[in-house]
2 protein chains.
Amino acid sequence: MSEELQTEEQILEAAKQIFQEQGFAGARMQEIADEADINKSMLHYYFRSKDKLFQKVFQDSIRQFFPEILKVLNADLALVPKIEKLVETYYDMFKKHPHLPRFVIHEMNQHPERFKEFVKNTGIEIPELFVKQIRAEMESSTMRKIDPREFIINTIGLSVFPLIARPMIETVFEMNDDQYQHFLEQRKKELPKFIINAVKK
Amino acid sequence: MSEELQTEEQILEAAKQIFQEQGFAGARMQEIADEADINKSMLHYYFRSKDKLFQKVFQDSIRQFFPEILKVLNADLALVPKIEKLVETYYDMFKKHPHLPRFVIHEMNQHPERFKEFVKNTGIEIPELFVKQIRAEMESSTMRKIDPREFIINTIGLSVFPLIARPMIETVFEMNDDQYQHFLEQRKKELPKFIINAVKK
DNA sequence: GTCTATATAACGATAGAC
DNA sequence: GTCTATCGTTATATAGAC
């Protein structure tokens with residue numbers, strides 16, 4: 001009885017790792033069980049089916065991915081420090097969960113409708129405050145005219161892309177793992193400048 | 001005999017579609033056979049195994065994805081029209097092959113070493129000419145100092161991200177498919193400005 | 001080269017003892 | 001709640017007739 005929560009937590013932790021690494025289709029229930037160091041039948045005892053276990057993991061992953069970003073977007077910060085904070089948040093998240101962004105991107109494209117349902121259920125909303133902030137900056141003439149949606153997508157895209165494109169970057173620019181990590185560190189400082197400059201008047 | 005090439009081509013075309021849509025793990029040989037409108041055993045007759053068929057498709061996809069971009073990067077064009085051309089190339093590619101970018105990203109992360117091998121075999125190289133061009137622009141003081149690798153990654157990332165993040169964009173900004181397509185059209189014009197502005201002095 | 005039939009293995013899921 | 005054993009399906013792959 002006291003083991004209930006622990007086992008369930010162990011399973012979820014293992015499932016998260018395997019699913020995020022391999023995706024739904026690539027993951028094996030046996031592998032999840034091995035990772036959680038429990039018997040395979042326990043997975044079904046706690047979550048009934050692979051699909052149900054996956055949906056739990058996927059929903060948790062969305063909850064992990066979006067709100068943290070939206071929180072920063074809607075925070076009470078000036079534009080420049082907000083961009084800096086946003087970029088930093090992404091890179092921290094990536095350090096803890098290297099497969100999270102690619103996992104979400106892959107799976108949400110496999111079942112777009114289901115994904116939209118999930119997002120609605122988690123109560124994620126348009127970053128209204130940030131949109132207002134951008135509009136205000138544009139009116140006070142420090143920022144050139146740009147669709148706020150473009151600005152948000154560009155900022156997130158610039159943060160995420162080098163993380164999901166790692167093998168490509170390492171290959172094209174002939175980096176090893178250390179050099180890639182060093183490149184990311186440099187980028188953390190450089191990227192906010194790039195973004196701010198892009199919308200300066 | 002005269003049917004050999006045609007059948008092989010049919011298989012590859014079908015395999016490309018299914019693999020790019022579902023990934024290696026999610027794809028089924030039966031589904032590829034159905035799509036190609038041939039018998040399932042023909043897949044093995046022509047390509048021996050699922051893995052061999054996949055590797056052919058993956059390599060072809062890389063050949064489809066990279067050289068076209070690198071060709072533009074190394075073309076004899078001034079910076080601004082080059083960026084415009086690059087963005088346009090990406091969006092055209094996406095119209096013809098909507099799943100290509102996400103497919104390459106997902107699969108190259110599943111087997112990074114194999115991916116690096118493939119890239120080397122296809123003879124893809126660092127876009128040296130473009131790097132030189134950026135360096136020249138920086139020295140002639142029209143462009144602020146920036147690591148050319150950052151500039152390249154940013155440009156490609158900004159082009160690719162809204163394509164692979166479509167369900168997210170449609171959800172967060174409450175767009176339907178038409179509105180998304182319209183958004184992309186607008187973006188095709190806006191993005192080069194964003195990029196150029198970002199590196200202006 | 002193309003088909004049908006089948007081998008072989010893997011996987012998700014369940015039954016039943018403890 | 002946890003285990004072993006096993007069922008039922010589905011997947012890749014092959015054998016063999018035509």
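Lettering of chains follows the sequences in order, A, B, ..., and the numbering in each one begins at 1.
For the pair A/Asn39 CG and C/dG12 C1', the computed distance is 14 Å after rounding to whole Å. Put simply, OH on B/Tyr45 is 21 Å from P on D/dT12, counting in whole angstrom units. One interatomic measurement links the two molecules: CG of B/Asp34 to P of D/dT10, which rounds to 15 Å at whole-angstrom precision. Following rounding to the nearest Å, A/Leu43 (CG) and D/dT4 (P) show an atom-to-atom distance of 14 Å. Between the NZ atom of B/Lys40 and the P atom of D/dA11 there is a distance of 9 Å, rounded to whole Å. As a whole-Å value, the separation of A/Phe47 CZ from D/dT2 C1' is 16 Å. For the pair B/Phe54 CZ and D/dA13 P, the computed distance is 14 Å after rounding to whole Å. Separating the CZ atom of A/Phe24 from the C1' atom of C/dC11 is a distance of 12 Å, rounded to the nearest angstrom.
Aromatic ring orientation, A/Phe103 versus A/Phe54: perpendicular (interplanar angle above 60°, classes split at 30° and 60°).
At D/dT12, none of the side-chain N or O atoms of B/Ser49 fall inside 4.0 Å of OP1 or OP2 (strictly under the cut-off). B/His44 has no side-chain polar atom (N or O) that falls below the 4.0 Å cut-off from OP1 or OP2 of D/dT14. Considering only side-chain N and O atoms, B/Tyr46 lies under 4.0 angstrom from the phosphate OP1 or OP2 of C/dT2. For the OP1/OP2 pair of C/dG12 and a distance below 4.0 Å, the side-chain nitrogens and oxygens of A/Arg28 include at least one atom meeting the criterion.
Using modelled atom types, no side-chain atom of B/Glu84 and backbone atom of B/Lys189 make a donor-acceptor pair closer than 3.5 Å.
Side-chain atoms of A/Asp60 and A/Gln64 include no donor-acceptor pair closer than 3.5 Å.
Which of C/dC3, D/dT2, D/dT12 sits closest to the side chain of A/Met42 comes down to D/dT2. Listed candidates were C/dA13, D/dT4, D/dA15. Nearest to the side chain of B/Ser41 is D/dA15.
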Evaluate the side-chain hydrogen bond (donor to acceptor under 3.5 Å, both in side chains) criterion for residues A/Gln20 and A/Ser61: first the C-alpha distance (whole Å), next the side-chain angles of each, then the deciding distance (0.1 Å), finally the verdict. CA-CA 9 Å; A/Gln20 287 189 1; A/Ser61 297; 3.1 Å; yes
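With DNA chain C read from its 5' end, the first of the two nearest nucleotides for A/Lys50 and B/Ile38 is the one closest to B/Ile38.
In summary, A/Arg144 and A/Glu139 do not engage in a salt bridge, as defined by a charged side-chain N under 4.0 Å from a carboxylate O.
Using a 4.0 Å heavy-atom criterion, one finds that B/Ala33 contacts no nucleic acid atom at all.
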